[in-house]
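Since the structure comes first, as structure tokens, the remarks are kept for the end.
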Amino acid sequence: METKRDNPGVIAPPPLIFLSGLAVGGIVQWFFPVRLLPSAYSMFSILFGGFLAAVGLGMIFNVRSRMAGANTNIEPWKPTTALVVDGIYGLTRNPVYVALVLIYIGIFFIFDAVWVLPPLIIVLLLIHFTVVLREERYLEDKFGKCYADYKQKVRRWI
């Protein structure tokens with residue numbers, strides 16, 4: 001008798017996928033340093049990158065708080081026990097992944113590390129096809145019409 005798994009079956013924790021892209025890009029940047037921004041803009045770049053990273057972290061803390069308030073898990077390898085569809089989830093169905101993109105781009109600006117950008121494309125493809133689509137199938141199977149209605153009202157990204 002086969003038991004049905006109560007999680008979306010993502011391939012890896014999403015923060016690890018983003019961190020892997022940063023690591024690959026950071027290693028290439030270390031050995032083949034390329035700067036995009038003129039040094040005259042370095043302080044602006046650091047401040048702007050810090051701002052993006054701070055906004056991303058704030059979004060993640062907001063999501064964590066909303067999930068805890070709904071008594072459900074933020075980790076996609078654990079069961080989802082409730083849908084959160086208001087607050088930041090009224091703007092995007094994937095606020096954590098949007099936040100991780102903001103943090104990732106913030107790191108690019110802070111370090112002016114051009115080589116972290118190409119892996120972001122692969123990271124986003126992995127997140128889309130091996131995380132987001134699996135999560136959506138899981139949530140639609142688990143919550144049916146409620147999740148389908150939510151998908152009609154709120155965009156996947158922004």
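Placement of Met43 and Ile107 in two distinct hydrophobic clusters is found when ILVMFWY residues are connected by side-chain heavy-atom separations under 4.5 Å, directly or transitively. Ile122 is connected to Phe108 through a chain of hydrophobic side-chain contacts under 4.5 Å among Ile, Leu, Val, Met, Phe, Trp and Tyr, so both are in one cluster. Leu16 and Ile60 fall into different hydrophobic clusters, defined by Ile, Leu, Val, Met, Phe, Trp and Tyr side-chain heavy atoms under 4.5 Å apart, directly or through other members. A chain of hydrophobic side-chain contacts below 4.5 Å, direct or via other Ile, Leu, Val, Met, Phe, Trp or Tyr residues, connects Leu37 to Val116. Hydrophobic clustering, with ILVMFWY side chains joined whenever heavy atoms are under 4.5 angstrom apart, keeps Ile121 apart from Val28.
A heavy-atom distance below 4.5 Å is not found between the side chains of Met59 and Val63. For the pair Asn73/Pro79, a side-chain contact is recorded, criterion being any heavy-atom separation below 4.5 Å from C-beta on. Side-chain atoms of Pro14 and Val96, non-hydrogen and from C-beta on, never get closer than 4.5 Å to each other. You'll find the side chain of His128 reaches within 4.5 Å of the side chain of Leu133, heavy atoms only. Proximity of Lys151 to Leu139: side-chain heavy atoms (C-beta onward) are nowhere separated by under 4.5 Å. Two residues are said to be in side-chain contact when any heavy atoms from C-beta on lie closer than 4.5 Å; Val24 and Trp115 fail this criterion. Inter-residue side-chain proximity for Tyr97 and Arg156 is flagged as unmet; no heavy-atom pair is nearer than 4.5 Å. In this structure the side chain of Tyr147 never reaches within 4.5 angstrom of the side chain of Val85, judged on heavy atoms.
Counting only distance, with no hydrogens or angles, the side chain of Tyr150 and the backbone of Tyr89 share a donor-acceptor pair below 3.5 Å. At distances below 3.5 Å, at least one donor-acceptor pair connects side-chain atoms of Arg35 with backbone N or O atoms of Asp112. Under the 3.5 Å distance criterion, the side-chain polar atoms of Asn94 are left unmatched by any main-chain donor or acceptor of Trp157.
Nearest approach of Gly21 to Pro119, heavy atoms of both residues: O-CB, 3.5 Å. The two residues Phe143 and Ala82 make their nearest non-hydrogen contact at CZ-N, 3.9 Å. The minimum heavy-atom distance between Met67 and Ile74, with the atom names listed, is CE-CA, 4.1 Å.
Tyr104 and Phe18 have perpendicular rings, their planes meeting at more than 60° on a 0 to 90° scale where under 30° would count as parallel.
Rounding to the nearest 0.5 angstrom, the gap separating the OG atom in Ser42 from the CD1 atom in Ile110 is 12.5 Å. Taken to the nearest 0.5 Å, the CG atom of Leu83 stands 11.5 Å off from the CZ atom of Arg93. Between Thr92 atom OG1 and Ile88 atom CD1 the span is 7.5 Å, to the nearest 0.5 Å. Between Gln29 atom CD and Leu117 atom CG the span is 9.5 Å, to the nearest 0.5 Å. The CZ atom of Arg134 sits 11.5 Å away from the CD1 atom of Ile127 when rounded to the nearest 0.5 Å. Rounding to the nearest 0.5 angstrom, the gap separating the CG atom in Leu19 from the CD1 atom in Ile103 is 11.0 Å.
Every residue two or more places apart in sequence or in another chain that forms a side-chain hydrogen bond (donor to acceptor under 3.5 Å, both in side chains) with Asn7 is listed here: Arg5.
Within 6.0 Å of CZ in Phe111 there are 12 or fewer heavy atoms belonging to other residues, nucleotides or ligands. Counted within 6.0 Å of CG on Leu125, heavy atoms from surrounding residues, nucleotides or ligands total more than 12; the atom is thus considered enclosed. Enclosure of atom CG in Asn71 is not indicated, since only 12 or fewer non-hydrogen atoms of other residues, nucleotides or ligands lie within 6.0 angstrom.
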* Any chance you could lay out the side chain to side chain contact (heavy atoms under 4.5 Å, CB included) test for Ile17 and Leu100, step after step, and finish with the verdict? => CA-CA 10 Å; Ile17 296 171; Leu100 289 170; over 6 Å; no
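Applying the ring pair (Phe, Tyr, Trp, His ring centres under 6.0 Å) test to pairs two or more places apart or on separate chains, those with a residue in residues 40-76 are Phe44-Phe48, Phe48-Phe109.
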